[in-house]
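Shown next, in structure tokens, is the structure this report addresses.
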Amino acid sequence: MYDQKQIEEKWQKIWETNRLFQQTERMTDQSSNNSMKKFADMDGKEYSEKDNIYLLFAFAYPSGSGLHVGHVESKTALDILARFYRMKGKNVFFPVGWDAFGLPAENYAIKTGVHPSKTTVDAINTFRRQIKRVGISYDWANEIATSHPEYYKWTQWIFLQMFNKGLAYQKDGKVNWCPSCQTVLANEQVIEGLCERCDHEVEQKNMRQWYYQITKYQDELISGLDEVDWPAATKAQQLNWIGKKIGIDISYKVDGLERTITCFTTRPDTNFGATFVVIAPEHELATDISQGKVVPTENAQQIKDSVIEYLDQASKKTELDRQQEGKKKSGVFTGFYALNDLTGKKMPIWISDFVLGGFGTGAVVGVPGHDVRDFQFAEYVNSLASNNELKDQVSIETNHQTKNQAKIQINSQVHIHTDKIEIIRVVVGPDKDDSIIKDVTQVQEDQGKMINSGFLDGLEIHEATKKIMDYLEEKGIGKRVTSYRLRDWLISRQRYWGTPIPIVYDPEGNSHPIGEEYLPWKLPVDVDFKPTGESPLKSSQEFIDRTKNFVSDAYSELIEQKGWDKSGEGWRPEFDTMDTFVDSSWYFLRYVDSRNQDAFAAPDQLDKWLPVDLYMIGPEHIVLHLLYSRFFTKFLRDEGCLNFDEPFLKMRHQGMILGPDNKKMSKSKGNVINPDEIIEKFGADTLRVYEMFMGPLDSDKPWDIRAVIGVYKFLQKTYRLVLESEAQVVSGELKTVIQRKLHQAIKKVSEDLPQLKFNTSIAFLMEFVNLWQDAIRENKVTLSNEDKILFVQIIAPFAPFLADELYSKLTNNINNDGQYNGVHISHWPEYNPDLSKANLVNIPVQINGKLRAQLEVSTDLLDEEIIIINMALGLENIQKYLEGRIIKKKIYVPGKIVSLVV
RNA sequence: GCCGAAGUGGCGGAAUUGGUAUACGCGCACGGCUUAGAACCGUGUGGAGCAAUCCUUGGAGGUUCAAGUCCUCUCUUCGGCACCA
């Protein structure tokens, strides 16, 4: 009887005591480098197959809730590959580790007082136990955790290298600030204006922060994507995030001032239709007006007042306010005009927050006829202008309620001398509409031909773009530029549970690095977790004392020179810690040499395993992780530490496992499937095989408990057929039928696994078992022991516990001596092409594309076109259809089909 | 709005990459074993029709001897980005 519980406990123990999958440990003395075997495929094209395979599973945060069925899916998929490749004789590196720093443990500490290090260790222990139970063959000898000083020592080391090269730097900047979590948030952590974790409204705050200069690599981060085999969507997201745009900076003279205003545009072709300029509230001109540094000739005081008020309102706006306003436009007139050289027109300069300070030049030229936003802004201005005709003062009420309190109203804007904005059509689109643009639906952006545009008239817009760029550059008023959406990476966090930034500040506030020899710069333990708006690290006395000791040693010369207190008084450590994305941007490098004390990893180990051959990671929230990991890789390559450009050669995503109700699993919906319960009832092998059988790895699929039972029955049947059937061993014709199916199964599984087609592999294994069962029932015959072993070997990656049990019984190799000699270190079987080939095949016969008959042919005849066609013509059913008709065409595709046209 | 992925039985899905559509599993129906039950065994199961046969891969066209697969248009669903000039 199949007693999965007993079997699984037994083999888990045996694998563990034999340290079976700790490949790197076993291989240290014979470390070959990343050697390639050369093969030639059928076209004679050479390809290489690596001997060393690095399978990487997404770094996971050890959350308190433990393993869920989604983890099991992706871990099992990689585990199957790991076991398969090991049996194929490859060296497989399949490590595991923990992205252990992060907010949840700290938030929990704030709530309960339990130290994050304790919470983290507990959670890791739970995960470890569960993972082992599922039979994931991780290399536990190289387990890492980012919160371990021997790990973050190197996170800090990388920071210092960045610092030395000027790629880690400080600057002031507006940051997303969550008042509830008391921390700066990355843009990605702001969801619809609210904090990702606590749903509190996010504010903008000006702070001095540490940045990594990822923008240095922006072009290579684009071009590198050509080298990797990743899902199209994931590549597209990378490109989207970097947001490279080619355009032109056009400088317009400001009437009456000795300065120009530069606007970035990708559509200079429409510049004959430009009738205004809009600058961001952060723009220099806006600041200068508000400070009285430049003064318009008319209505100076009113304009200054209204600009000050507008800038004030804009700076107070939260992300949420912007969301709620939607795309409604607002703005103030500066009193200044820019001169359009093409048309000679005076273009009023406005300030509006729909223009972003951080993109392009922070100023745009408004072409209301051919840009929807510009059109909307023109409508807004023109409505003001109409009101102005009635009275000088208008009041705009932006009546929006925010979650907590703020009811911001813009009441008293002064608009003096507001001209109407002219809307000029310069493009006629495919709809041939050349009328005056009065409605937003007429705003044609994409395609068409130029009109009202002087020397551009008649040109198609893309030609016009090129021509005008040339023209503007020639005249010296334009310069082709490339603009990026990507910003430098803000890495500091006002948080406790993260990697300390290895920096101290002298009494004058200048920053100084903590030298490599002083690393790890440890995270203090004696901190107060109560959120105060300041980093919890400030509450550590040990941290302050340590800093003094450090500087009086490391910076004694400087202290001497400046005449500062020798005890280090007046110095302070950097209290911010690093974004956890920093920790996870290089973990795959540490894995390969995880206990190295002298380097983040030794060159020969890096060379042996990297880059990663297959990265399995969910499709969600990975844009930045991938961008940052690629950035680190390129930086460390430039530092001479790595000799490759892209860290992850191939990447695949697992889909989401949905609840039985076809909805995303969540506690509140009560549709969460707990893997422990499934293992308890049916065993880990059933859980594994079921999850692999559900469907393609990368698609979302709902849980179906009845199908789990189906898989359980399949494994049960397998056990019975291998060990308990009393049938005779076959010979003769029947033997060849079963054997053929067996060898077809070997072929099928061997071909499907590298493509990650686990579901079809399992389906074929089921077909085989069904056929085998029929043979036993109907003819009382079964497979030989040798053939049974072959079958057990090919199910071993899927159901490793069951397979080891069956294998040990079949080989009589119960390891009493403690030495493991089981199926997982046996050699993957080769299929025998002669045995897998049928001697008779069915060739379908079509007439006019419709299936009319089947022709049974001996395999030997498959290449004999004339014989086969004649045989087909001779079939009774075919004769019937051909009666009285002339055959126009006869087609035979060898081994596939006969097609007749009448 | 932009980018990306995907639409096949009652359900999850398969289809050698242009060659027998619906493999495998679930469910369902009927029969068997059993005092009974089903996580047991057997048979059947895309739709219409007594049948021959006809229809069927979101929809409409097209290419081809042959289309789930290729091309054009279109609809729907899901995911990401979004006032980025």
Side-chain angles (χ1 to χ4, degrees), chain A residues 231-237 239-241 243-245 247 263-268 270 278 280 322 325-329 352-356 358-367 370-374 376-377 445-446 483-486 619-623 653 655-656 658 662 681-682 689-690 693-696 698-714 716 747-748 751 757 759-770 777 842-854 880 887-902:
Chain A
T234 306
K235 283 192 183 183
Q237 281 174 7
L239 288 175
N240 237 326
W241 196 272
K244 180 175 180 171
K245 291 241 167 76
C263 300
F264 174 73
T265 179
T266 57
R267 292 296 305 280
T270 60
V278 188
R322 289 179 206 273
E325 263 174 40
K327 296 187 175 163
K328 210 175 139 194
K329 300 290 182 288
S352 174
D353 62 5
F354 86 87
V355 175
L356 307 173
F359 186 81
T361 58
V364 300
V365 55
V367 183
H370 301 285
D371 182 285
V372 169
R373 292 155 308 186
D374 293 351
Q376 289 165 341
F377 190 73
E445 297 183 315
D446 284 325
S483 175
Y484 297 83
R485 198 188 88 107
L486 183 71
E620 294 163 317
H621 305 124
I622 56 168
V623 181
H653 305 313
M656 207 189 308
L658 307 170
N662 225 320
K681 268 192 184 155
F682 303 104
V689 175
Y690 169 64
F693 183 60
M694 289 173 89
D698 55 2
S699 54
D700 296 350
K701 32 208 180 255
W703 190 270
D704 180 358
I705 187 63
R706 290 173 304 209
V708 177
I709 294 164
V711 167
Y712 181 67
K713 288 198 283 190
F714 162 66
Q716 218 170 21
K747 182 168 190 274
K748 176 78 176 161
E751 287 171 357
K757 291 163 75 175
N759 54 335
T760 50
S761 292
I762 294 167
F764 203 92
L765 291 169
M766 286 173 168
E767 280 186 56
F768 169 72
V769 165
N770 291 343
R777 191 167 37 234
N842 276 331
I843 303 287
V845 183
Q846 290 183 344
I847 295 175
N848 288 348
K850 295 205 167 160
L851 179 70
R852 294 302 182 193
Q854 297 279 345
K880 193 174 84 189
I887 300 174
K888 291 183 196 144
K889 207 166 177 183
K890 301 172 198 165
I891 296 159
Y892 172 59
V893 183
K896 297 246 164 106
I897 204 159
V898 174
S899 187
L900 305 170
V901 188
V902 295

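Chain naming here is simple, since letters A, B, ... match the order of the sequence lines and numbering starts at 1 in each.
- At the heavy-atom level, A/Gly710 lies under 4.0 Å from the strands shown only through sugar-phosphate atoms.
- In this structure, B/G9 shows a glycosidic angle within 90 degrees of zero, which is the syn conformation.
- If you check every strand for non-hydrogen atoms under 4.0 Å, A/Val355 touches a base.
- Under 3.5 Å, the side chain of A/Lys890 and the base of B/C65 form no donor-acceptor pair of N or O atoms.
- Backbone-only engagement by A/Val901 is indicated by non-hydrogen atom pairs under 4.0 Å involving sugar-phosphate atoms exclusively.
- One interatomic measurement links the two molecules: CD1 of A/Ile891 to P of B/A66, which rounds to 8 Å at whole-angstrom precision.
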- Query: Under the side chain to side chain contact (heavy atoms under 4.5 Å, CB included) criterion, do A/Val845 and A/Arg852 qualify, and how do the steps go?
  - Reply: CA-CA 6 Å; A/Val845 183; A/Arg852 294 302 182 193; 5.8 Å; no
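- Between A/Ile622 atom CD1 and B/C81 atom P there is a gap of 12 Å when expressed in whole angstrom units.
- In this structure, A/Phe764 places its CZ atom 15 Å from P of B/A23, rounding to the nearest Å.
- With P as the reference atom, B/G1 and B/A39 are 50 Å apart, rounded to whole Å.
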- Protein heavy-atom contacts under 4.0 Å, written 5' to 3' over nucleotides 5-18 of chain B as B (base), S (sugar-phosphate only) or - (none), form the string S------BSSS---
- Could you please spell out the steps behind the side chain to side chain contact (heavy atoms under 4.5 Å, CB included) verdict for A/Phe359 and A/Val364? CA-CA 10 Å; A/Phe359 186 81; A/Val364 300; over 6 Å; no
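- Between the side chain of A/Asn662 and the backbone N or O of A/Pro702, no donor-acceptor pair lies under 3.5 Å.
- Counting any heavy atom pair closer than 4.0 Å across all strands shown, A/Arg706 reaches sugar-phosphate atoms only and no base atom.
- Per the geometry, CD belonging to A/Gln376 stands 11 Å off C1' belonging to B/G1, to the nearest Å.
- The interatomic distance linking A/Arg267 (CZ) with B/A85 (P) rounds to 11 Å, in whole Å.
- Across all strands shown, A/Gln854 has heavy atoms under 4.0 Å from base atoms, whether or not it also approaches the sugar-phosphate.
- Nucleotide B/U64: unpaired (no Watson-Crick or G-U wobble partner with both distances less than 3.5 Å).
- Nucleic acid contact class of A/Gln846 (heavy atoms, under 4.0 Å, all strands): base.
- OP1 and OP2 of B/A39 both lie 4.0 Å or more from every side-chain N or O belonging to A/Lys713.
- The distance from atom CG of A/Leu851 to atom P of B/U22 is 10 Å, rounded to the nearest whole Å.
- Of the two residues contacting RNA chain B, namely A/Pro844 and A/Gly849, the nearest-nucleotide position lying further toward the 5' end is that of A/Pro844.
- Nearest to the side-chain atoms of A/Asn770 among the listed nucleotides B/C83, B/C24, B/A85 stands B/C24.
- We find that CZ of A/Phe354 is positioned 7 Å from C1' of B/C83, with the value rounded to whole Å.
- Each of B/A85, B/C24, B/C83 was ranked by its minimum atom distance to the side chain of A/Phe359; first place goes to B/A85.
- Using atom C1' as the reference point in both B/U45 and B/U22, the two lie 12 Å apart (nearest Å).
- In this structure, the nucleotide among B/A85, B/U20, B/C24 sitting nearest to the side chain of A/Asn842 is B/U20.
- Shown here, B/C40 forms a base pair with B/G32; the pair counts as Watson-Crick or G-U wobble because both key distances fall under 3.5 Å.
- Comparing A/Arg777 and A/Ile709 by the nucleotide of RNA chain B whose heavy atom lies nearest to each, the residue mapping closer to the 5' end is A/Ile709.
- Taking the ring centre of A/Phe377 as origin, the terminal cationic atom of A/Lys329 falls outside the region bounded by 6.0 Å and 45° from the ring axis.
- Atom NZ of A/Lys245 and atom P of B/C83 are 11 Å apart (whole Å).
- Using the Watson-Crick or G-U wobble rule with both distances under 3.5 Å, B/A21 pairs with nothing in any strand shown.
- Summarising the base pairing, B/G9 is matched to no nucleotide, lacking a Watson-Crick or G-U wobble pair whose two defining distances lie under 3.5 Å.
- Figure legend. B/G49 is base-paired to no nucleotide; pairs are counted as Watson-Crick or G-U wobble with both atom distances under 3.5 Å.
- Using a 4.0 Å heavy-atom cutoff across all strands shown, A/Ser899 reaches at least one base atom of the nucleic acid.
- A/Lys850 comes within 4.0 angstrom of sugar-phosphate atoms only, judged by non-hydrogen atoms across all strands, and of no base.
- For A/Lys235, the NZ atom counts as densely surrounded, since its 6.0 Å shell holds more than 12 non-hydrogen atoms of other residues, nucleotides or ligands.
- Nucleotide B/G4: paired with B/C78 (Watson-Crick or G-U wobble, both distances less than 3.5 Å).
- Without hydrogens or angle criteria, A/Tyr690 side chain to A/Trp703 main chain gives no donor-acceptor distance under 3.5 Å.
- Nucleotides B/C83 and B/A15 have their P atoms positioned 41 Å apart, rounded to a whole Å.
- If you check B/C3, B/G80, B/G19 against the side chain of A/Ala236, the one that comes closest is B/C3.
- Here, B/G79 and B/G68 have their P atoms 30 Å apart, quoted to the whole Å.
- Taking the O4'-C1'-N9-C4 or O4'-C1'-N1-C2 dihedral as appropriate, B/U17 has a value within 90° of 0 and is therefore syn.
- Residues A/Thr760 and A/Lys748 come closest through the heavy atom pair O-CE, 3.9 Å.
- As rounded to the nearest Å, B/C11 and B/U17 have C1' atoms that lie 27 Å from one another.
- For A/Ile897, taking side-chain heavy atoms from C-beta onward, the closest of the listed nucleotides B/U20, B/C24, B/G80 is B/U20.
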